[in-house]
Amino acid sequence: TKRGTYEIQYCTPKRGQFLLSIRIDGVNIPGSPFHIKALPSSDASSCICYGSALENRLACLLGKTMEFNVDVSNAGIGTLVARSVNSNCRISITKQERKIYLVRLEPRGSGIHTIEVLWDSTPIPGSPFVLTVTDPSSISISDLPSKEYVAHIGVPFAFSVNLGSLDASLLKSEVKLSSGTVEPCVV
C-alpha cells in the first residue's frame with residue numbers, strides 16, 4: 001500500500017444491518033458511520049419468484065411463451081439457472097433491472113413440464129415448478145354442428161367446450177355482430 005494508506009478488514013459474523021465507524025483520535029471521519037448490509041455470499045432462500053407462468057400453472061398453452069420474474073436482490077452473489085427437468089422446453093433468462101431476471105419458457109410439447117430454478121446451484125423457494133401445458137388443438141367443442149351455425153332470433157343456443165386441464169377462468173367467448181358491436185357470451 002501507499003505510504004499513509006492503510007487497509008481495514010472486518011468479517012461480519014451474521015446477516016443484518018451494521019454501522020461501520022472510522023475515527024481519528026475519537027472523531028468520525030467525513031461520512032462515518034457507514035451503513036453496511038451484510039448478506040450471505042449466496043442465499044437462494046431469499047429469491048422471490050412471481051409472474052403469470054407461476055400464477056396460471058394449469059393454464060399454459062403450447063405455442064405461447066410463458067414468463068416469470070426472479071428477484072435476487074437479497075440473495076447475495078450467485079448465478080441464476082433455469083432448466084427443464086423432464087421435458088423439451090426452451091428457456092431463456094434476461095436481466096431486467098439491477099437484480100431482477102425475466103425467465104421465458106417455450107414448451108415444445110404438451111403435458112407436465114418441471115422447471116428447476118437455481119441460485120448459485122441451490123433451488124430457490126418453490127422450485128421445482130410444475131406446469132401443465134395443453135395443446136390448443138386438443139380443446140374440443142361439441143353441440144355446435146358446423147363453423148356456420150344457424151341461430152334463431154330470440155332462441156338461446158348453447159354448446160360445450162372441453163378444456164381438459166386448463167383453468168376455466170381463462171375461457172372467454174363473445175359474438176361480433178354485423179354492426180361491429182361485440183357482445184359477451186355467458187360462460
Side-chain angles (χ1 to χ4, degrees), residues 1-2 5-23 29 31-139 163-171:
T1 61
K2 214 162 100 177
T5 302
Y6 300 91
E7 182 177 289
I8 300 172
Q9 291 184 1
Y10 177 76
C11 183
T12 58
K14 62 182 181 175
R15 180 185 190 127
Q17 303 283 336
F18 298 91
L19 287 176
L20 169 65
S21 298
I22 303 174
R23 299 186 184 98
I29 66 166
S32 179
F34 300 92
H35 294 270
I36 307 294
K37 183 177 182 180
L39 298 172
S41 59
S42 177
D43 181 11
S45 69
S46 294
C47 294
I48 300 169
C49 286
Y50 57 93
S52 61
L54 302 179
E55 294 159 7
N56 299 316
R57 292 184 199 194
L58 297 177
C60 304
L61 288 175
L62 184 63
K64 185 173 180 179
T65 300
M66 297 171 284
E67 300 179 343
F68 63 91
N69 293 291
V70 181
D71 182 341
V72 299
S73 57
N74 291 316
I77 300 166
T79 302
L80 185 67
V81 173
R83 61 182 176 218
S84 178
V85 175
N86 62 345
S87 60
N88 184 8
C89 186
R90 183 171 178 251
I91 300 175
S92 65
I93 300 173
T94 307
K95 192 170 187 178
Q96 296 295 95
E97 298 175 27
R98 191 162 192 261
K99 290 282 203 161
I100 297 177
Y101 294 85
L102 176 66
V103 179
R104 282 193 173 99
L105 311 169
E106 295 177 33
R108 304 289 189 196
S110 60
I112 304 295
H113 291 257
T114 303
I115 308 300
E116 190 173 54
V117 182
L118 309 170
W119 179 249
D120 207 30
S121 301
T122 303
I124 67 171
S127 179
F129 300 99
V130 178
L131 310 172
T132 302
V133 177
T134 301
D135 184 342
S137 67
S138 70
I139 297 170
L163 297 178
S165 62
L166 284 177
D167 184 348
S169 69
L170 299 172
L171 179 62

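Residue numbers run from 1 in the order of the sequence given. All values reported here derive from a predicted model rather than from experimental measurement. Basis for what follows: all heavy atoms, side chains included, without hydrogens, waters or symmetry-related copies.
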Quick one: list whatever passes side chain to side chain contact (heavy atoms under 4.5 Å, CB included) with K64, sequence neighbours left out. L61
Compile the donor-acceptor pairs under 3.5 Å between side chains in residues 102-111 and protein atoms, sequence neighbours left out, one pair per line.
| unit_1 | atom_1 | unit_2 | atom_2 | d |
| --- | --- | --- | --- | --- |
| R104 | NE | E67 | OE2 | 2.9 |
| R104 | NH2 | E67 | OE2 | 3.4 |
| E106 | OE2 | R90 | NH1 | 3.1 |

Decide yes or no on side chain to side chain contact (heavy atoms under 4.5 Å, CB included) for I115 and S84, but give the supporting numbers first. CA-CA 5 Å; I115 308 300; S84 178; 4.2 Å; yes
Y101 side, atom OH; T79 side, atom OG1 - distance, nearest 0.5 Å: 7.5 Å
S42 side chain reached by I77 side chain, heavy atoms, under 4.5 Å: no
What's the separation between atom NZ in K99 and atom CD1 in I48, rounded to the nearest 0.5 Å? 13.0 Å
Return yes if some donor-acceptor pair links the side-chain N/O of W119 with the main-chain N/O of A75 below 3.5 Å, else return no. yes
Rounded to the nearest 0.5 Å, the CG atom of L20 sits from the CD1 atom of I36 at a distance of 5.0 Å
Under 3.5 Å, is there a donor-acceptor pair between the T122 and D120 side chains? no
For residues K95 and R98, report the shortest heavy-atom separation together with the two atoms involved. CE-O, 2.9 Å
Heavy-atom check, side chain of R83 versus side chain of L118, under 4.5 Å: yes
Can you tell me how far CG of L62 sits from NE2 of H113, rounded to the nearest 0.5 angstrom? 7.0 Å
Can you sort out the partners of L19 under side chain to side chain contact (heavy atoms under 4.5 Å, CB included), two or more places apart, ordered by chain and number? P33, H35
Check whether any side-chain heavy atom of T132 sits under 4.5 Å from a side-chain heavy atom of I112, and report yes or no. yes
Closest approach of A82 to I93 (non-hydrogen atoms, all atoms of both residues): N-CD1, 3.6 Å
Qualifying residue, where the test is side chain to side chain contact (heavy atoms under 4.5 Å, CB included) with I100 and the options are T94, D71, V72: D71
Rounded to the nearest 0.5 Å, what separation is found between the CG atom of N69 and the SG atom of C47? 12.5 Å
